[in-house]
2 protein chains.
Amino acid sequence: MNNATHQGIRDAIRTRIVSGEWKLGDLIPGEVDFAAHYGCSRTTVNRALQALAEEGIVERKRKGGTRVRPMPAPQAQFRIPIVREQVESLGHAYATKVLKREIELPPLSLRSDMQLPAGTQCAYLESIHLADDQPFAFERRWVNLATVPSFVDANLHELSANEWLVKTVPFSRGDVSLSGTSADNQLAEMLQIQNGAALFTMDRTTWFEDRSVTRMTLFYRQGYRLSFEI
Amino acid sequence: MNNATHQGIRDAIRTRIVSGEWKLGDLIPGEVDFAAHYGCSRTTVNRALQALAEEGIVERKRKGGTRVRPMPAPQAQFRIPIVREQVESLGHAYATKVLKREIELPPLSLRSDMQLPAGTQCAYLESIHLADDQPFAFERRWVNLATVPSFVDANLHELSANEWLVKTVPFSRGDVSLSGTSADNQLAEMLQIQNGAALFTMDRTTWFEDRSVTRMTLFYRQGYRLSFEI
DNA sequence: TTCATGATTATGTATGCACATATTATGAAA
DNA sequence: TTTCATAATATGTGCATACATAATCATGAA
């Protein structure tokens, strides 16, 4: 067997596992066995099995050997899209408008969510995202001015607040939570929907090196779905 | 520098990138430079940079070198939890009850979603998931009996339908979509909430080698949030 | 017999080297 | 100027080797 790249071997072993050659929880052959079988070195098999472990297909333990995961973990990986991209990928023209932009002291709940010292100034924004001039999503956002002081001068006509922050503070971490929300009066008006309609909602707090950057809540128009593969 | 493992170097380089030492899109030093700097072999640096590329932090091209991703893609990876685990991780006792179990011809919309040939028999289930005897989620599920004929004999007292299917048809792919739904009469009654309440909803179609396995819709109780990090 | 303790060994992990491959740069010939 | 071949260079890959670790086995004392 000459196409013995670690990729090829990884695929081969994955196929054998998926096809049911070994049951869930079964011990699969050791690295030396695979190496002999595929005519390559143990190192190459190692890389393949490591990758399979990262994929969540197998579990490995020293001396214990490698076994098929008893209960394979369905791991979803998806890119949280920027609103502009969502709209444009649906074939609509994107636009956004800042409806409100103030400097305020944040409410108490936000102080704990964003770990803000007392007295920290924040920018508060409300924006609407439009697809072909129809409301697509409504956004409420707080920006920690202690972390991003230059935000007060940000020009949000070209870029949305989100895009501006991603460019300015790249590689931040974030906590995301998804939920369903009933539209209150303001949301109903903004999104031009009925009061009480069920909206898909994304909350996101972003961190840069232990300091909070921004917290936003995005209310998608009625019927919006976030789709991805696992 | 002696802790020059590929892990350590990966972390070190990631830190330098995150700290802004190079801007978005910038070319970062080559493998040999890093190897000299960290006092290790190029192989070790190569593994570190490859890992960083998989993380989505850098882009690599032969001869072109390695550069910081121009617009870092915030990729969320999370494990879609089994309802039992969600409930138990909240410290509640889990239970599930099948309320309805029938063999039926699926509706037309499902035939296209699950790519079912005309006349394919399906099992239809309605189940309630309980946390400490309180409703936690309501599930509607169709199972393609052409793919999983043994499901008709499945004992769903020990395992939920989902767990039974995961054990029986492991390593399946899935399309997931998340949305917000207004509770209809049945949902309101099942989850003991008000008619019209906003519910976080997960639709999932599962495939095994081009054949659909199951399609389910899970309506979570009011206030449920799916949280994860990016 | 039971238990603790250390040796053994199968297995997992990391690294340096040599070579492979892809892309760009260079420059000579048409 | 265009075209083509060749060199230069950065990353990709496999292998041999050395090292780390944990389950097991052997040993001996209580």
Side-chain angles (χ1 to χ4, degrees), chain A residues 1-17 21-70 72-73 75, chain B residues 1-17 21-73:
Chain A
M1 218 161 287
N2 216 347
N3 57 346
T5 107
H6 66 98
Q7 278 284 343
I9 291 179
R10 191 184 76 173
D11 292 342
I13 297 180
R14 194 202 295 102
T15 301
R16 292 175 67 180
I17 291 177
E21 181 164 340
W22 303 284
K23 291 199 188 74
L24 296 183
D26 272 8
L27 206 60
I28 70 176
E31 298 186 355
V32 284
D33 302 315
F34 276 127
H37 183 271
Y38 289 112
C40 66
S41 81
R42 198 168 69 86
T43 312
T44 305
V45 174
N46 180 283
R47 272 194 87 152
L49 290 178
Q50 262 188 326
L52 254 23
E54 279 177 24
E55 285 182 35
I57 292 190
V58 300
E59 283 175 339
R60 321 191 71 199
K61 218 164 62 175
R62 282 192 154 103
K63 174 74 176 179
T66 303
R67 55 183 66 238
V68 182
R69 278 190 74 127
Q75 281 192 337
Chain B
M1 216 161 291
N2 215 346
N3 57 344
T5 106
H6 69 95
Q7 278 282 344
I9 291 178
R10 190 184 74 172
D11 292 341
I13 296 178
R14 192 203 294 104
T15 300
R16 291 175 69 180
I17 293 178
E21 183 165 339
W22 302 284
K23 292 200 188 70
L24 297 184
D26 272 8
L27 206 60
I28 71 176
E31 298 184 354
V32 285
D33 302 315
F34 276 127
H37 183 272
Y38 290 112
C40 65
S41 79
R42 195 175 68 82
T43 311
T44 306
V45 175
N46 179 281
R47 276 196 80 152
L49 290 178
Q50 265 187 330
L52 252 24
E54 280 177 23
E55 286 182 34
I57 291 191
V58 300
E59 285 174 339
R60 321 194 69 202
K61 222 166 58 176
R62 279 185 157 113
K63 170 74 177 178
T66 303
R67 54 183 68 237
V68 182
R69 279 191 74 128
M71 192 62 150

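In what follows, chains are A, B, ... by sequence order, proteins preceding strands, each numbered from 1.
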Write down the distance between [atom1] ([X]) and [atom2] ([N]), rounded to a whole number of angstrom.
X     : N      : atom1 : atom2 : value
B/L27 : D/dT11 : CG    : C1'   : 12 Å
B/L52 : D/dT11 : CG    : P     : 13 Å
A/Q7  : C/dA20 : CD    : C1'   : 16 Å
A/I28 : C/dA10 : CD1   : P     : 19 Å
B/R60 : C/dT23 : CZ    : P     : 14 Å
B/D11 : C/dA14 : CG    : P     : 12 Å
A/R47 : C/dT15 : CZ    : P     : 12 Å
A/K63 : D/dA20 : NZ    : P     : 19 Å

Without swapping roles, check the side chain of B/D11 against the backbone of B/G8 for a donor-acceptor pair under 3.5 Å.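 No; zero donor-acceptor contacts below 3.5 Å.
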
Flag, side chain of A/R67 to backbone of A/G25, donor-acceptor distance under 3.5 Å: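 Flag set: sc A/R67 to bb A/G25 pair under 3.5 Å.
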
May I ask you to say what [X] touches in the nucleic acid, namely base, sugar-phosphate or nothing, with a heavy-atom cut-off under 4.0 Å?
X     : value
B/G65 : sugar-phosphate
B/G30 : sugar-phosphate
A/R42 : base
A/E31 : base

Using a cut-off of strictly less than 4.0 Å, decide whether [X] has a side-chain nitrogen or oxygen near OP1 or OP2 of [N].
X     : N      : value
B/S41 : C/dT15 : no
B/N46 : D/dT11 : no
B/Q50 : D/dT13 : yes
B/T44 : C/dG16 : yes

Taking the side chain as C-beta and beyond, is there a heavy-atom pair between A/L27 and A/T66 under 4.5 Å?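 No, too far: nothing below the 4.5 Å cut-off.
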
Can you list everything that forms a side-chain contact (heavy atoms from CB on, under 4.5 Å) with B/S41? Sequence neighbours excluded, please.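 B/T43, B/T44.
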
Give a yes or no on whether a donor-acceptor pair under 3.5 Å exists between the nucleobase atoms of C/dT21, that is its base, and the side chain of B/R62.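 Check passes, donor-acceptor contact within cut-off.
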
I'd like to know if B/T43 reaches the base of C/dA14 with its side chain such that a donor and an acceptor end up less than 3.5 angstrom apart.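 By the distance-only test, no, there is no pair.
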
Check A/K23 with A/D26, please: is the shortest side-chain N to carboxylate O separation under 4.0 Å?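 No, this pair does not count.
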
